[in-house]
K.L.:
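Can you read through this structure? Questions will come right after.
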Amino acid sequence: MAIVEIKVPSPGESITEVTINSWIKQNGDVVEKDEVIGTIDSDKATLEITAPESGKVEILVGAGDTVKVGDTVVRIDTSVQVEKKQESKPEVKKAEPAPVQEKVAVKTEEVKTYVSGTASPAAAKMMAENNLKGGIPGTGKDGRITKQDVLKALSNGIPKVHEVLSNSWKGTREAGKTKMTSLRKTLAKRLVAVKNETAMLTTFNEVDMSGIYAIRAKYKDKFKEVHGTNIGFMSFFTKAVCEALYHFPAVNSMIDGDEVVSYSYCDVGIAVSAPKGLMVPVLRSAELMSLAEIENGIKNLAIKARDGKLSIEEMQGGTFTITNGGVFGSMLSTPIINPPQSAILGMHNVVERPVAVNGKVEIRPVMYVALSYDHRIIDGRESVGFLVKVKEMLENPSRMLFGGKQPEEVLLGL
């Protein structure tokens with residue numbers, strides 16, 4: 001009997017433990033080579049356990065258990081041959097005629113009088129007051145509708161308390177516990193560490209989205225036809241952030257011990273909501289990307305996050321992060337910095353608001369934006385100036401093409 005052991009693979013550096021997420025195969029199942037047996041959760045990603053050889057499976061640990069990297073979790077008996085299923089054509093049976101059932105006509109006689117269904121004076125008055133047209137069964141003499149019949153019909157139309165409450169809450173008194181995933185536990189530790197170890201502060205501003213709305217309305221169909229993707233807000237914000245980071249490099253820096261590390265590129269993390277929790281895949285060198293490249297990049301990363309296929313490399317090394325709570329309806333928030341970065345931009349929903357334009361009140365689509373930053377490395381001047389620069393880029397999108405300047409300023413050499 002030849003036994004092949006499957007050990008827990010290393011998801012990345014510094015990770016020593018993982019959690020068995022689920023087993024797709026069970027003890028005694030026969031698998032083929034490269035077939036998926038189960039999945040494991042690490043602090044940063046979900047990995048598949050596949051069969052290196054064909055054979056019979058013996059699972060050594062249960063789903064939800066925490067194991068160390070390198071531990072043996074599955075054995076495969078390769079002496080058990082995999083039986084290939086032969087295709088067989090289903091036997092076609094001739095349909096037998098259904099037995100004919102004799103129909104028996106039942107004659108019923110309904111005795112009616114001239115007062116059947118007629119309301120008494122008191123009942124008729126109550127029906128008129130409550131806008132009841134008819135259809136009330138009468139229990140009075142010869143089928144007459146009585147006042148009591150009307151009261152019964154009215155009471156039947158009033159929903160009971162338990163009927164209203166059961167639309168959402170089921171009225172139970174149960175409580176349940178579920179084990180936190182490795183990803184959720186790591187996320188919890190990191191968020192608490194950020195609050196305790198950084199001097200985090202948040203500054204706010206508002207953006208008139210009229211310019212971006214106009215561009216999207218004018219070019220959205222042509223953009224999708226040429227590039228195969230929709231044009232959203234995130235690409236504009238990413239371009240605006242990259243331009244602002246060039247003018248305020250402190251925001252694109254981070255603390256490493258007693259030193260400050262500054263970057264000459266923009267690796268922008270895009271926070272996405274996945275079934276297993278919040279994930280932040282990174283767009284590399286976003287400052288060199290076009291709007292279409294950004295949109296396609298974000299789309300591909302979001303699909304991977306949804307399917308649990310993001311690699312560790314795709315979630316490491318960001319220099320700045322953007323999070324969009326507006327997709328869930330958030331009006332305003334104070335996002336938490338994604339360590340070891342020093343700042344994060346929070347987007348929110350767009351709402352039509354009255355604003356003053358040239359001394360007149362106009363209704364404009366407005367988004368509130370928030371910049372959370374580490375005050376140990378970023379001063380108020382840099383943080384506020386950065387957010388104002390982002391606002392300028394978004395309200396005048398043509399500035400993104402000319403280093404933050406208006407086209408006329410470039411033409412005049414200003």
Side-chain angles (χ1 to χ4, degrees), residues 201-219 231-253 262-266 268 270 283 286-291 294-295 319-326 331-335 342-373 378-414:
L201 192 62
T202 305
T203 184
F204 305 93
N205 214 317
E206 61 182 9
V207 177
D208 183 348
M209 301 289 287
S210 300
I212 293 177
Y213 267 46
I215 291 176
R216 292 180 67 202
K218 185 176 181 179
Y219 296 107
I231 181 169
F233 292 149
M234 191 60 75
S235 55
F236 286 99
F237 273 81
T238 303
K239 292 297 291 183
V241 160
C242 290
E243 185 62 37
L245 289 174
Y246 175 81
H247 293 279
F248 296 91
V251 185
N252 201 38
S253 304
S262 299
Y263 300 93
S264 59
Y265 54 86
C266 302
V268 180
I270 307 295
L283 285 175
E287 78 281 3
L288 303 178
M289 289 184 173
S290 66
L291 294 180
I294 293 172
E295 289 291 347
T319 62
F320 185 90
T321 296
I322 302 175
T323 179
N324 185 6
M331 182 190 76
L332 195 61
S333 66
T334 55
S342 298
I344 180 173
L345 179 72
M347 299 167 55
H348 302 91
N349 61 353
V350 180
V351 178
E352 290 190 341
R353 305 183 190 279
V355 296
V357 180
N358 297 325
K360 296 181 180 179
V361 176
E362 295 186 12
I363 303 299
R364 296 289 183 92
V366 174
M367 177 192 290
Y368 294 144
V369 290
L371 178 74
S372 292
Y373 60 97
I378 302 171
D379 294 330
R381 184 186 71 85
E382 283 87 5
S383 62
V384 174
F386 172 88
L387 202 54
V388 169
K389 181 64 70 175
V390 170
K391 172 183 170 71
E392 291 176 355
M393 298 296 106
L394 296 170
E395 292 185 342
N396 299 277
S398 60
R399 286 179 178 266
M400 300 182 195
L401 299 175
F402 302 104
K405 296 182 179 180
Q406 291 281 24
E408 309 89 76
E409 295 176 318
V410 175
L411 181 63
L412 296 172
L414 301 178

K.L.:
Minimum heavy-atom separation for Ser262 and Ser253, please, with both atom names.
P.N.:
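Between these two residues, the closest heavy atoms are OG-OG, 2.8 Å.
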K.L.:
Looking at every non-hydrogen atom in both residues, tell me the closest pair between Ala286 and Ile294 and how far apart they are.
P.N.:
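In this case the closest contact between Ala286 and Ile294 is O-CD1, 4.4 Å.
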K.L.:
Rounded to the nearest 0.5 Å, what's the gap from OG1 on Thr323 to CE on Met234? Could you check?
P.N.:
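Separation between the atoms: 7.5 Å.
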K.L.:
Using modelled atom types only, decide if a donor and an acceptor are shared between the side chain of Asn396 and the backbone of Ser398 within a distance under 3.5 Å.
P.N.:
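Looks like no, no N/O pair under 3.5 Å.
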K.L.:
Mind checking the CG-CZ spacing from Leu345 to Phe386? Nearest 0.5 Å is all I need.
P.N.:
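Interatomic distance, Leu345 CG to Phe386 CZ, rounded to 0.5 Å: 6.0 Å.
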K.L.:
Name every donor-acceptor pair, under 3.5 Å, that has one atom in a side chain of residues 366-373 and the other anywhere in the protein, sequence neighbours excluded.
P.N.:
from	atom 1	to	atom 2	distance (Å)
Ser372	OG	Thr202	OG1	2.8
Ser372	OG	Pro335	O	2.5
Tyr373	OH	Ser383	OG	3.4

K.L.:
Walk me through whether Phe233 and Val350 qualify under side-chain contact (heavy atoms from CB on, under 4.5 Å).
P.N.:
CA-CA 10 Å; Phe233 292 149; Val350 180; 3.9 Å; yes
K.L.:
Rounded at 0.5 Å granularity, tell me how far CD1 in Ile270 sits from OG1 in Thr238.
P.N.:
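Going from CD1 on Ile270 over to OG1 on Thr238, the span is 4.0 Å.
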K.L.:
For the atom pair CD1 (Ile212) and OG (Ser235), what is the distance rounded to the nearest 0.5 Å?
P.N.:
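The distance works out to 8.5 Å.
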K.L.:
Could you check whether atom OH of Tyr219 has more than 12 heavy atoms from other residues, nucleotides or ligands sitting under 6.0 Å from it?
P.N.:
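Atom OH in Tyr219 is not packed in, count stays at 12 or less.
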K.L.:
Nearest 0.5 Å please: distance from the CG atom of Leu288 over to the CG atom of Leu283.
P.N.:
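So the CG of Leu288 and the CG of Leu283 are separated by 12.0 Å.
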K.L.:
Specify the closest pair of heavy atoms between His348 and Ser333, including all atoms of both residues, with the distance to one decimal.
P.N.:
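Scanning both residues completely, I find the closest heavy atoms to be NE2-OG, 2.7 Å.
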K.L.:
I want to check something: taking the side chain as every heavy atom from C-beta on, are Cys242 and Val268 in contact at a cut-off of under 4.5 Å?
P.N.:
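Answer yes - side chains close enough.
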K.L.:
Tell me, which pairs form a side chain to side chain donor-acceptor pair (under 3.5 Å) where one or both residues lie in residues 204-214, sequence neighbours left out?
P.N.:
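Matches after skipping sequence neighbours: Asp208-Ser210, Asp208-Arg364.
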K.L.:
Any idea which heavy atoms bring Ile378 and Ala343 closest together, and the distance?
P.N.:
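For Ile378 and Ala343, the tightest heavy-atom pair comes out as CD1-CB, 4.1 Å.
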K.L.:
Does the pair Phe236 and Met393 meet the rule for a side-chain contact (heavy atoms from CB on, under 4.5 Å), with working shown?
P.N.:
CA-CA 9 Å; Phe236 286 99; Met393 298 296 106; over 6 Å; no
K.L.:
Do Glu382 and Asp379 come close enough that some side-chain heavy atom pair is under 4.5 Å?
P.N.:
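Yes, close enough: below the 4.5 Å cut-off.
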K.L.:
Evaluate Tyr265 against Asn252 for side-chain contact (heavy atoms from CB on, under 4.5 Å), listing each step before the verdict.
P.N.:
CA-CA 9 Å; Tyr265 54 86; Asn252 201 38; over 6 Å; no
K.L.:
For residues Met331 and Arg353, report the shortest heavy-atom separation together with the two atoms involved.
P.N.:
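The answer is CG-NH2, 3.7 Å.
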K.L.:
Go through Ile322 and Met347 one step at a time and tell me if the side-chain contact (heavy atoms from CB on, under 4.5 Å) criterion holds.
P.N.:
CA-CA 7 Å; Ile322 302 175; Met347 299 167 55; 3.7 Å; yes
K.L.:
How long is the span from the CD atom in Glu392 to the CD atom in Glu243, to the nearest 0.5 Å?
P.N.:
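Result: 10.5 Å between the selected atoms.
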K.L.:
Is the terminal nitrogen or CZ of Arg381 (NZ for Lys, CZ for Arg) located under 6.0 angstrom from the six-membered ring centre of Phe248 and within 45° of that ring's axis?
P.N.:
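Judged by the rule (NZ or CZ under 6.0 Å from the ring centre, within 45° of its axis), Arg381 is not positioned above Phe248.
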